[in-house]
Amino acid sequence: MQRLAQQRGLGAGAQGAGTGAKAFSVPKAPLSSSRPARLARQVIANVATGPRPAAKAVQVNMLDEGFDGAGGNKGLFTSTNPEMRRVVPDDVAGRVKVKVVYTVLEAQYQSALSSAVKAINASNKTVCFEIVGYLLEELRDPENFATFQQDLASANVFIGSLIFIEELAEKIVEAVAPVRDRLDACVIFPSMPAVMKLNKLGTFSMAQLGQSKSMIGEFIKSARKNNDNFEEGLLKLVRTLPKVLKYLPSDKAQDARNFVQSLQYWLGGNSENLQNFLLTIAGEYVPALKGVTFQIADPELFPEVGIWHPMATTMYEDLKEYLNWYDTRRDVEFAKDAPVVGLVMQRSHLVTGDEGHYAGVVMELEARGAKVVPVFAGGLDFSAPVKKFFYDPLGSGKAFVDCCVSLTGFALVGGPARQDAPKAIEALKELNVPYLVSLPLVFQTTEEWLGSELGVHPVQVALQVALPELDGALEPIVFAGRDSNTGKSHSLPDRVASLCMRAINWAKLRKKANAEKKLAITVFSFPPDKGNVGTAAYLNVFGSIFRVLRELRKEGYDVGLLPASQDELIQSVLQAKEARFNSSDLNIAYRMPVSEYTKLCEYSEALEENWGKPPGQLNSQGNDLLIFGKQFGNVFIGVQPTFGYEGDPMRLLFSRSASPHHGFAAYYTFLEKVFKADAVLHFGTHGSLEFMPGKQVGMSGVCYPDSLIGSIPNLYYYAANNPSEATIAKRRSYANTISYLTPPAENAGLYKGLKELKELISSYQSMRDSGRAEQITATIIETARQCNLDKDVALPPAEDAGSLDQEARDLVIGNVYRKLMEIESRLLPCGLHIVGVPPTAEEAVATLVNIAELDRPDQKPEPILGLPGILARSIGRDIESIYAGSNKGVLADVDLLQRITAATRVCVREFVKDRTGLDGRIGTNFLTTLVKFTGLYVDPWVRALQGSEFAAADRLELVTVFRYLEFCLEQVVKDNELGALKEALEGRYTEPGPGGDPIRNPSVLPTGKNIHALDPQSIPTAAALKSARIIVERLLVREKDNNGGKWPETIALVLWGTDNIKTYGESLAQVMMMVGVKPVADSLGRVNKLEVIPLEELGRPRVDVVVNCSGVFRDLFVNQMLLLDRAIKLAAEQDEPDEMNFVRKHARQQAAEMGMSLRDAATRVFSNSSGSYSSNVNLAVENSSWSDESQLQEMYLKRKSFAFNSDRPGAGGEEGRDIFERALKTVDVTFQNLDSSEISLTDVSHYFDSDPTKLVQGLRSDGKAPSSYIADTTTANAQVRTLGETVRLDARTKLLNPKWYEGMLSSGYEGVREIQKRLTNTMGWSATSGQVDNWVYDEANSTFIEDPEMAARLMDANPNSFRKLVATFLEANGRGYWEASEEKLERLRQMYADVEDKIEGVE
Amino acid sequence: MAHIMQQQRLAAGVQQRPRSSAARPVCAPRPQPARGGSASSSGLAAGGSPFACRAGKLDEVSLFADSSLLGPSSASAGAAAAVAGVESVELKSKLGLDYAPLAQYLQEGDFRKADDETRALLIKMAGPAAVARSWVYFTEVKTIPVEDLQTVDALWRAGSKGKFGYSVQKELFAQTARRWPKFFKQIDWTVGENNIYRKWPAEFIYSKDAVKGHLPLTNALRGTQLFEALLGHPAFDKNAGGKAPGIEERSKAAGANTLKF
């Protein structure tokens, strides 16, 4: 056993990477130490950002002022002070004083307005202005809000613009509406309708917006109906209205004209225009100025779209003219083949004189030898200048630019109000160059961003990161800061440099010949040092690389002497065949002396804090750092080092501050500066680069993912079903993801005793009425018990079979049958995918069957009915009633459902057969064509149903569903995985597409797209709400039935990122349903409001919740967490009796006990702290590095107890362990969702990692174990199962299923690892929930250990994984999870010794 | 003011729509901006903004104004102690610019004024386009005559006993391997754990207490290309006058050149 202990210490942490891991631990950026090495690392921005106010202008106190990025201790996003924006005339001197209050999103207007007012105050003899501005975000602060109201009380004029954040819009309405009548004027530029309605200029108002017959109202209404871009429409109106107004009687139109003119002044935003704007409004509407005439110029207009360059003395409206100027500049000279970067800018920044950040980028690009075409648009449709200026001026139709960088932060079409991704994608596909969207800070000052662990403000992430991603935008780099005093943007020099280098490198891909391009393919190795080189979820990595290389060779790339086969390729990287046993035998591609490393790697000093002086212990030898891999011509295949601390339990618990180790840094330094890669290709889901410490979104120069990837364009083959982590890779490591298909799924099928049972049930059905029925029933009961089905189905003793009447017998058989069908039809992904190899027709059948089974009521252009529903109706039944009957075990319904399933499969199979060519792939079936020609052709589904009981099925509905399947089938096989890679390597645009489950959302297909998540503001959808309601009802009823008719009081549940992306927010909606609150969309369709469901309608008490969000969910959906928090608090604040409102009941108790307000006591939304992922229980279990369960529970509590509070939105997760523990004490039910058939409970370590079942038991005062449930919405007939049932189902369909393990073993040593991983994860469930039956271990042991042939196969194929498998059995026994005979244990110990010897012998 | 100018300049090239007679005529860039009451709120320094102003009067003064418009200096501590050597610097100028005021401020030890004057001079040295624009495009630096830049640098070195000046900064830049974050830390333009930039102007140190290379300030509002172009100007080449660099400095500089980051 000593060896075992040793193995534990060494046993490196598997990260679940093999199967689309959900998340794993990421330590946080080091922010707290003050060691010199660290300080050097802390240089974040290189710019001073304008003067601080005199009052605070003391140098050293900056630290004391608490730039903690969380808005001081108020928990807000910004701590700037509106007083900075107050301008008061020095001397009124008898003039009329007009007071103006403004609130705008566009910070660029701040200083322009200030200067306009100062100019007037300095020169105008009649009027002077006091002006004060409030930033939207500042209004969250009650103090600021109070001052805002005070200011409004004495104001003459209020100005608002671009107010599109619902909750802040509400605040503005709250403050302005009461004083609107008193104000002399109220001018609101494009904003949410509720704010637009505040407009008031004399008789002009939009109060009837959307109702009246007014021209503007009508227009807005129709624009909205047409789903046009609201803002664009308004701008169009502004352009055309003056012409129309000319023909109206001037007195009536004057006020409307003034509004339009105001908007023109505003959009022309320079100081003169703003002066004239203020004078116009004051002169026309301030009573004290009645009769005064100012000299006011008409608005100075600027081109709607154009080209701007800081050196040019004019804006250009024609590319040729611009180039005439550009090419004759004498101050610079460009190489003949200089890359051309197209920049997209907002005109408002140019006209308001807030262009420092734009000029910075232009200079940086030119200094680095790139030409620029900087274009702008006045509105928010940036596709117009892209179409107009980025193409060859000679009219060849080709792109003139080699890369397009938007500096606006906005989606290409529509900005914050109404995005039009299809229009954007169309424009970008046409342009077909890499498309980057960089961010200027909007809601934060530079200091606040620098100090923030979150990085960019969550609202900005939603608007300027998530939305552009839908257009296929890459690389959300924060390139511009915002000055705290003036609100002006400024370059962040190191960020600008980073952005420009990256843009140029993308552009160069278009310029360079393929033969000269250098490509660094990077593979992963999890767990480290154990011969796991080349692991990725669902992917045959080396097979895929081999295919990619052959393809690249065809395209002219220099791939050197390519090995003849995939095996030889593996061996050349592993150096020797035996190398799979030990990583020190990996091929050393390069030795980097420490001197070279410290010279080339700028951040090496910063790593010393955690890892000491280089070279350190990892990836090193002597005084060299080692780069593992192998070069083939211009292609380098390298092995990414691992985190390096997986086996260290202390670091797992306290891994808040860590960094990559020197070996890791050396690897990427080598790629960038020694090998000089033109692009890196990360191969498969997923590595550790993007999980390195740093800000969540919006990296600064000291965030490790940013430093590591440096300036190399990053391509990343990523599993299509994992959009959440793909999004992390995109945001943190600037990856252009290219999706790949998960392997084709098959039905799990039946085996051994289960197969026998199925046959027995058939006999029972044929002999149900005969005298043999009793005997068969007894045999079935006995066999079912042998198969351990007695836990899932209530089985009477076999000897009692005789005493059952037929009805009772039917029910027993029905239930067993139903369980069997559940096992049989479960989908398994089979084998591993090879990039660019779409499934064969036969392989696509199971997937298509599942696609065909779902109803799609929201499908455009017409809703699609699922095939089972159609078949059910053909015999006069409703499918839902059949599901219900089957769920209850009604034999007739179970059997009918089975027949429907069978018929569905036959139909789909016939259909696919029809579309299958001779090679087994989808294509033209020669015979079909021939038959069609004869006119005797019958649709395959008709053929399939002919003569069956479902022959009467509705033909039209069938045609609809099969037309859809036809489309899906085409998508499945229309693979662009290699195509997209080749195009990206040539500097072309990669078309974006959603990630997710192809069954639920076939638009995930075809693969080869840049994966995006979704607009976080769009969830939960109405459909998700509907299914959430069903699941919650089933869950509550099931628990109530189990628990003597008592409702559960509290449910603890987990929210996953991928889950919510795939289901459009189902589990988010579940939480709301539990507490009885409904999400409501605002007028722009964004879900951000809440409505209480009355108790009468709810028909049950409000159930309390404890929500724990995965780190990835937190990264993607912070705003949705705050929405949940609001929902729960809303429920708690309903004045309802305790027995009908458990949220209130518990919150009141807690408030009293803990001495806090009811609202604070109702804190129920938790996650990890920023930058940290998972409870690390998984890593502890995988590495056996834990002593007892309380240690695991401590890890969970320590890492997952960070509370999210909508009253302190900027604070992020705040440590709240007390309230977390207190809330868990009342939990009766623990609950999770399964999101897809591919990833189930034991496939990844994350489900058990987040399960608090035993923890709750320990915390509850009665020591009662909560019930545990798992919802499974992966099939048409959604199920709520107990955790125990689900673990058993998983074991039966995977670990113990010959179809599964043989499938895995066909891919050699990776297969052994997959088997071992399932067992480890099973033991994880024992550790956290105790819901694993002894027989599961027994059966696994007899399958893999007691079968000598099998044991020998495993040992040969992968001794390391086999050793871990054997050790896990022993550990399960040692920890008391598995009762095993001494004989079994002895065999295991012997086997452990054998495999040790084998490994040592090999070494 | 500068920005207003710029807008006019931008507007000048635009097809104008009919304007009312009250409109200010669109004009070509004025060669010498007048003191303006606006726009300098954009003054980011660093430091260094082209827009000089004094603490507490953030938005009042444009750097393009003659520095005499700045009023009494606040950084007059130690002003009495005239520094020997400034007088000995010959005020060479190929551009015909007057460096006497700068010499004067340095002589008086008024680094604050000297700093403002230096940035104003830099814009003038870069030519009329830069003056019109109110900031220097990095490509304009190479047109500045060696003599003029050397005069400014020599004045600074003389006025600070070798502590301040572009050539001093250049040396430090090379020592920090041309890595901006390190360099800025070195010359004390950033403070605190997150290395937040000092706010211009109040938080910079306008006295001899400042670390070596702290002054003069150069605008980084638009990135570091301008600063880099300045430090790369032939005026500060090792053999372009001044003392020859040591072997150590030369080897460091050579190493740094392999890396452009």
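So you know, we letter chains A, B, ... as the sequences are listed, proteins then strands, and number each from 1.
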In this structure, CD of A:E355 is separated from CH2 of B:W135 (nearest 0.5 Å) by 6.5 Å
How many angstroms lie between atom CG of A:D494 and atom CZ of B:F184, to the nearest 0.5 angstrom? 9.5 Å
With a sphere of 6.0 Å drawn around NZ of B:K142, does it hold more than 12 non-hydrogen atoms of other residues, nucleotides or ligands? yes
Between B:Y137 and A:E366, does the side-chain hydrogen bond (donor to acceptor under 3.5 Å, both in side chains) criterion hold? Intermediate values first, please. CA-CA 11 Å; B:Y137 200 81; A:E366 292 191 344; 2.6 Å; yes
Taking the side chain from B:T224 and the backbone from A:P493, do they hold a donor-acceptor pair closer than 3.5 Å? no
State plainly whether the residues B:K199 and A:E447 are in salt-bridge range, i.e. N to O under 4.0 Å. yes
Against chain B, label A:V362 side chain, backbone, both or neither, depending on which of its atoms sit under 4.5 Å from a heavy atom there. both
Could you tell me whether a side-chain N or O of B:K182 sits under 3.5 Å from a main-chain N or O of A:E602, the two making a donor and an acceptor? no
Can you tell whether the side chains of B:R222 and A:E364 come within less than 4.0 Å, N to carboxylate O? no
Flag side-chain contact, heavy atom, 4.5 Å: B:T139 against A:M363: no
